[in-house]
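In what follows, chains are A, B, ... by sequence order, proteins preceding strands, each numbered from 1.
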Protein chains: 2
Amino acid sequence: MSANSRLTIAAHALTWIGLYQRRGHEVATSEQIATSVNTNPVVIRRLLAKLSKAGLADSRRGAGAGWMLARDLATITLLDVYQAIEPGPVFALHRATPDPECVVGHGIGPAMAAVYDDVEAALRRELGKTTLEDVLRDILKAA
Amino acid sequence: MSANSRLTIAAHALTWIGLYQRRGHEVATSEQIATSVNTNPVVIRRLLAKLSKAGLADSRRGAGAGWMLARDLATITLLDVYQAIEPGPVFALHRATPDPECVVGHGIGPAMAAVYDDVEAALRRELGKTTLEDVLRDILKAA
DNA sequence: TCTGGTTGTAACCATAATTGTTACAACCGT
DNA sequence: ACGGTTGTAACAATTATGGTTACAACCAGA
């Protein structure tokens, strides 16, 4: 378990809600989504809470409660989802600061940070190319 | 500590060896490198062992032992280093297989895998653009 | 007003990744 | 033979991840 599966699960949840709503239902419960994802409802609620804060999903409480999309699937990219749930960078610099007396130790941090910035930008650019509508289309096409 | 720092440390180690050799020394010891990186020599030896298997570094044992580059800094890209030390993917699919009876649960895996392939390709393309010679140049320029 | 189902969130656990550390056999130039 | 270094195993400390239980807050409808 080196990488995490949050982006996969979050995309799954939102796509599921979108399709469910498209079939005429008002809201989807975390239990229904968890059944499709095959995990615990709390895992779903935790992720949807972050997506809600980012303005991608909305919840209704009380009886007949559940989740709905705050935006159409076509207007949500995987980059939106990624930024809503992943705070940290992909690559880390040194855990302990390297020797500042050494030329390499002194300069390697900024040098690598510049590269990592470009890499993350490329990653975001790529994630921004795909919407959840694209994902749903892929899913329905394969079915 | 969400992300790991191996690429940073490996690039640091190789660049350090390169500069050290350029200054007229035959080999660099893991202890010297560890001092610049500010970590334990075993951490360096573990990484260099993988880089050695990938054909980027070489070691000499016995007395007067140490590490040297197997290729010039200008011919080693960060992608070479990345592939030598990082086996796993950046994004993971579901930990437990989702409900195959559900349309979304059935199709989301392949759909996301296709996106992740493109993302990893973009990441590799970006890492391939920078050589360790570029990194060293950056370091010396800033000094 | 009460009931029942759901959200929102805290708390805890198991597992695994990451990094640091100690230890030691294997190696080899001198 | 000596002494310094590699190569690697073993273990510990810290953290991330995901699963689970628990429960207060919430609210539509009876």
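Distance, B/His25 NE2 to D/dT5 P: 14 Å, rounded to whole Å. The nearest whole Å value for the distance from the CD1 atom in B/Ile85 to the C1' atom in C/dT18 is 13 Å. Whole-Å rounding puts the B/Asn4 CG to C/dG20 P distance at 12 Å. Rounded to whole Å, the distance from CG on A/Asn40 to P on D/dG19 is 8 Å. Distance B/Met68 CE to D/dT5 C1': 12 Å, rounded to the nearest Å. Rounded to a whole Å, the CD1 atom of B/Ile44 is 11 Å from the C1' atom of C/dT19. One interatomic measurement links the two molecules: CD of B/Glu26 to P of C/dT30, which rounds to 10 Å at whole-angstrom precision. Between the CG atom of A/Asn38 and the P atom of D/dG18 there is a distance of 14 Å, rounded to whole Å.
No side-chain donor-acceptor contact under 3.5 Å links B/Thr75 and B/Asp72. Counted by atom type alone, A/Thr131 and A/Asp134 present one or more donor-acceptor pairs between their side chains at under 3.5 Å. No side-chain donor from either of B/Tyr82 and B/Thr77 sits under 3.5 Å from a side-chain acceptor of the other. Side-chain polar atoms of B/Ser5 and A/Arg95 form no donor-acceptor pair below 3.5 angstrom.
Within residues 99-117 of chain A, no residue approaches DNA chain D, by heavy-atom distance under 4.0 Å.
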### Task
Tell me, with the steps shown, if B/Arg60 and B/Glu26 meet side chain to side chain contact (heavy atoms under 4.5 Å, CB included).
CA-CA 10 Å; B/Arg60 182 189 298 171; B/Glu26 283 267 334; 3.2 Å; yes

### Query
Between B/Leu19 and B/Ile139, is a side chain to side chain contact (heavy atoms under 4.5 Å, CB included) present by the stated rule, with each step listed?
CA-CA 11 Å; B/Leu19 181 59; B/Ile139 291 172; over 6 Å; no

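Distances shorter than 4.0 Å separate some side-chain N or O of B/Arg6 from OP1 or OP2 on C/dT19.
Residue-environment remark: NE2 (B/His106) stays at or below the threshold of 12 foreign heavy atoms within 6.0 Å.
Ion pair A/Arg22/A/Glu133 flagged as a salt bridge, since at least one NZ, NE, NH1 or NH2 atom sits closer than 4.0 Å to an Asp/Glu carboxylate oxygen.
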## Note on the structure
Per-nt protein contacts along nucleotides 1-9 of chain C (heavy atom under 4.0 Å; B base, S backbone sugar-phosphate only, - none) come out as ---BBSBBB

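For A/Gln32 (side chain) and A/Thr29 (main-chain N/O), a donor-acceptor pair under 3.5 Å exists by modelled atom type.
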